[in-house]
Amino acid sequence: MLDIKLIRDNPESVKNKLRLRKEEVSVIDKILDTDGQRLILISKSETLKELRNSVSDEIAVMKKNKQDASDKIAEMKKVSDEIKAYDEELRKVDADLDMQLRYVPNLPDDSVPLGNSEKDNAEILKWGEKNSFDFDVKDHIELGKALDILDFERGTKISGSGFPLYKGKGAKLERALINFMLDEQSKNGYKEVMTPVLVNRASMEAAEKIPKFEEDMYHIEKDDLFAIPTAEVPILNIHRDEILKQDDLPLKYCGFTNCFRREAGSYGKDTKGFLRVHQFNKVELINFCRPEDSYIELEKMLDDATGILKKLNIHYRVIELCTADIGFSASKCYDIEVWSYAENKWLEASSVSNCTDFQTRRAMVRYKKVLDNNKTKTEFVHALNGSGLATSRLMVALMEAYQTKEGNIIVPEILRSYTGFDII
RNA sequence: GGAGAGGUGGCAGAGUGGUUGAAUGCGGCAGUCUCGAAAACUGUUGUAGCGGUAACGCUAUCGAGGGUUCGAAUCCCUCCUUCUCCGCCA
């Protein structure tokens, strides 16, 4: 969530930045209006509370001295009723304000390229080259079926479409990728964690996934638990309501989880095989850092994510998202895309974002900042997240890029110590 | 799932309706002492909101949310959570 004080003090600047995201800015005026009501109610209620507190003390003294305090008690009864009425109204206004704030996205950083849609995203880097095949390439579905390593039909039987079944060397290759990525990211200084994949409502709210994306998530009604769409959610919540030590920053975590997405409303688009699935595997990177370091850490995280692709020798490019396309919680965002030979297009395999203090404000993840005069100040940390990487799209690129004329798949050199075989 | 006992400041631990934001101890910070350090002594030390340039003032906060009361850490209700015992189970 944005800082209400920022909105209160610089409404025009906030609006201008939201306009860059192609957001409707009239909500800001509504927020200001609600905030104004709120401040008035707080002031009224607190003035009466002050009166009540002081008179209650007087009553206590009178009672001690065996004096009659019934006049004051009667008076305070009225005051208490008034307070109750104000507080009741305040509760409503607070809830209203909170709900409005939950739909306002993070503000884009000044360095983010301007744009009107995803068409304006900028390719900033391309690594490697496309293979030149002297035969007709097969797509990952054909390859997977012929080699009996992927079974989308049976996955559908078990759960429904979009729930892949990996078999034999396919399962082993997937496991190898996950282990490889975790090992690499551990080397990059990320602490490995294995988290719950079902999380409570408070965790989803802290990660700013609710209410905006509630419909996109699997929800277990009986226990009010949500299947995570990304490990970003549980990892971010590791430090919810905590105050970190300045010396511990940046605090970096990596974790593998299954990820679950309903993908409501996207049926019919890229539904083939792995292109869009309800369950997939991902190694996630999270970084909690000092605010002044977050944009430097963002670049490092991008290197950490792309390092995987370099070692796998997979052709990729990096896209810097424009103001109209960055994610809800992000102030700046890079996508990493891998090349699909069969689809003849780029596929998003990772997204690396600086979410500044947008999530940590709601999640209350702070740190004790040591000031020059040796005093400390509690301040929100910045949080960054990135996929390092998601396996499904990566698997598409890998299978296609490493296929042979005979329909086999060569295992990338770096993975062989993990798979124990070098060809499928 | 059943029965019982708890959740108080960074930690330990008092407090069961009235100047209690909360005794005491430990820790942290500052100072005295010291060449320096330790020890000892003295002072200080939560978070958030609102107002104020500021000093500061006010309000809230004793797991969370309601309620009773002029007044709640203290009484009542609901929920969460921890521990112990029983049952069940990967």
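Proteins come first, then strands; the chains are lettered A, B, ... in the order of their sequence lines, and each starts at number 1.
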Problem - Salt-bridge contact A:Glu46-A:Lys49 (side-chain N to carboxylate O under 4.0 Å) - result: no

Exercise for the section: Could you tell me the separation between the CG atom of A:Leu51 and the P atom of B:G71, rounded to a whole number of Å? Expected result: 12 Å

Problem - Whole-angstrom distance between B:G28 and B:U81, as gauged at atom P - result: 35 Å

Exercise for the section: Verify whether one side chain among A:Asn188 and A:Glu184 offers a donor that lies under 3.5 Å from an acceptor in the other. Expected result: no

Handout entry: Closest to side chain of A:Leu39, choosing from B:G51, B:A48, B:G49
Key = B:G51

Practice task
Describe the nucleic acid contact of A:Lys84 in one word from base, sugar-phosphate, nothing, applying a heavy-atom distance below 4.0 Å.
Solution key: sugar-phosphate

Exercise for the section: Pick base, sugar-phosphate or nothing for A:Ser80, based on heavy-atom distances below 4.0 Å to the nucleic acid. Expected result: sugar-phosphate

Practice task
Determine the contact category for A:Arg201: base if any of its heavy atoms lies under 4.0 Å from a base atom, sugar-phosphate if only primed atoms, P, OP1 or OP2 are that close, otherwise nothing.
Solution key: nothing

Problem - Closest-nucleotide 5' rank along RNA chain B - winner of A:Lys63 and A:Arg366 - result: A:Lys63

Exercise for the section: Over 60° means perpendicular and under 30° means parallel, so classify the ring planes of A:His278 and A:Phe163, tilted if in between. Expected result: tilted

Handout entry: Atom pair distance, as rounded to whole Å: CG in A:Asp98 and P in B:G49
Key = 15 Å

Practice task
May I have the distance from A:Asn53 (atom CG) to B:U69 (atom P), rounded to whole angstrom?
Solution key: 17 Å

Problem - Sole candidate of A:Asp3, A:Asp98, A:Asp357 that passes salt bridge (Lys or Arg N to Asp or Glu O under 4.0 Å) when paired with A:Arg362 - result: A:Asp98

Problem - Polar pair under 3.5 Å, donor/acceptor by atom type, side chain A:Glu46, base B:G49 - result: yes

Handout entry: Side-chain donor-acceptor pair present, A:Ser351, A:Asp335, cut-off under 3.5 Å
Key = yes

Exercise for the section: With heavy atoms under 4.0 Å as the rule, sort A:Lys44 into base, sugar-phosphate or nothing. Expected result: nothing

Exercise for the section: Name the closest nucleotide to the A:Lys49 side chain, picking from B:U59, B:A48, B:C50. Expected result: B:U59

Would you tabulate the pairs of protein nitrogen or oxygen atoms and nucleotide nitrogen or oxygen atoms of nucleotides 76-81 of chain B closer than 3.5 angstrom?
none

Problem - Between A:Ser186 and A:Asp183, a side-chain donor and acceptor under 3.5 Å - result: no

Problem - 5'-most by nearest nucleotide on RNA chain B - A:Glu88 or A:Arg52 - result: A:Glu88

Practice task
With the side chain of A:Ile42 defined as its heavy atoms from C-beta on, choose the nearest nucleotide among B:C70, B:C50, B:G67.
Solution key: B:C50

Practice task
Classify the nucleic acid contact of A:Lys77 as base, sugar-phosphate or nothing, counting any heavy atom under 4.0 Å across all strands shown.
Solution key: sugar-phosphate

Handout entry: Whole-Å distance separating the CG atom of A:Leu244 from the C1' atom of B:U47
Key = 16 Å

Exercise for the section: Indicate, with a heavy-atom threshold strictly under 4.0 Å, whether A:Ile243 touches base, sugar-phosphate, or nothing. Expected result: nothing

Practice task
Indicate, with yes or no, if the rings of A:Phe274 and A:Phe152 have centres closer together than 6.0 Å.
Solution key: yes

Handout entry: A:Gln246 side chain reached by A:Arg290 side chain, heavy atoms, under 4.5 Å
Key = yes

Problem - Flag for A:Thr419-A:Lys169: side-chain donor and acceptor within less than 3.5 Å - result: no

Handout entry: Sugar-phosphate only, base, or nothing, as touched by A:Lys368 at under 4.0 Å among non-hydrogen atoms
Key = sugar-phosphate

Exercise for the section: Starting from P on B:G10, measure out to CG on A:Asp241 and report it in whole angstrom. Expected result: 13 Å

Practice task
For residues A:Phe288 and A:Tyr367, determine if any side-chain heavy atom of one lies less than 4.5 Å from a side-chain heavy atom of the other.
Solution key: no

Practice task
Ignoring hydrogens and angles, state whether a donor on the side chain of A:Tyr253 or A:Glu284 is under 3.5 Å from an acceptor on the partner side chain.
Solution key: no

Handout entry: B:U74 versus B:U16 - spacing of their P atoms, nearest Å
Key = 12 Å

Exercise for the section: Find the distance A:Tyr367:OH to B:U47:P and express it as a whole number of Å. Expected result: 15 Å

Problem - Proximal nucleotide (of B:G71, B:G18, B:U59) relative to the A:Ile59 side chain - result: B:G18

Pairs under 3.5 Å (N/O, protein and nucleotides 88-90 of chain B):
none

Exercise for the section: Report the distance from atom CZ of A:Arg38 to atom C1' of B:C50, rounded to the nearest whole Å. Expected result: 9 Å

Handout entry: Spacing of A:Asp68 atom CG relative to B:C70 atom C1', expressed in whole Å
Key = 13 Å

Handout entry: Whole-angstrom distance between B:U61 and B:C88, as gauged at atom P
Key = 46 Å

Exercise for the section: Please check the phosphate of B:G66 (OP1 and OP2 only) for any side-chain N or O of A:Arg91 closer than 4.0 Å. Expected result: yes

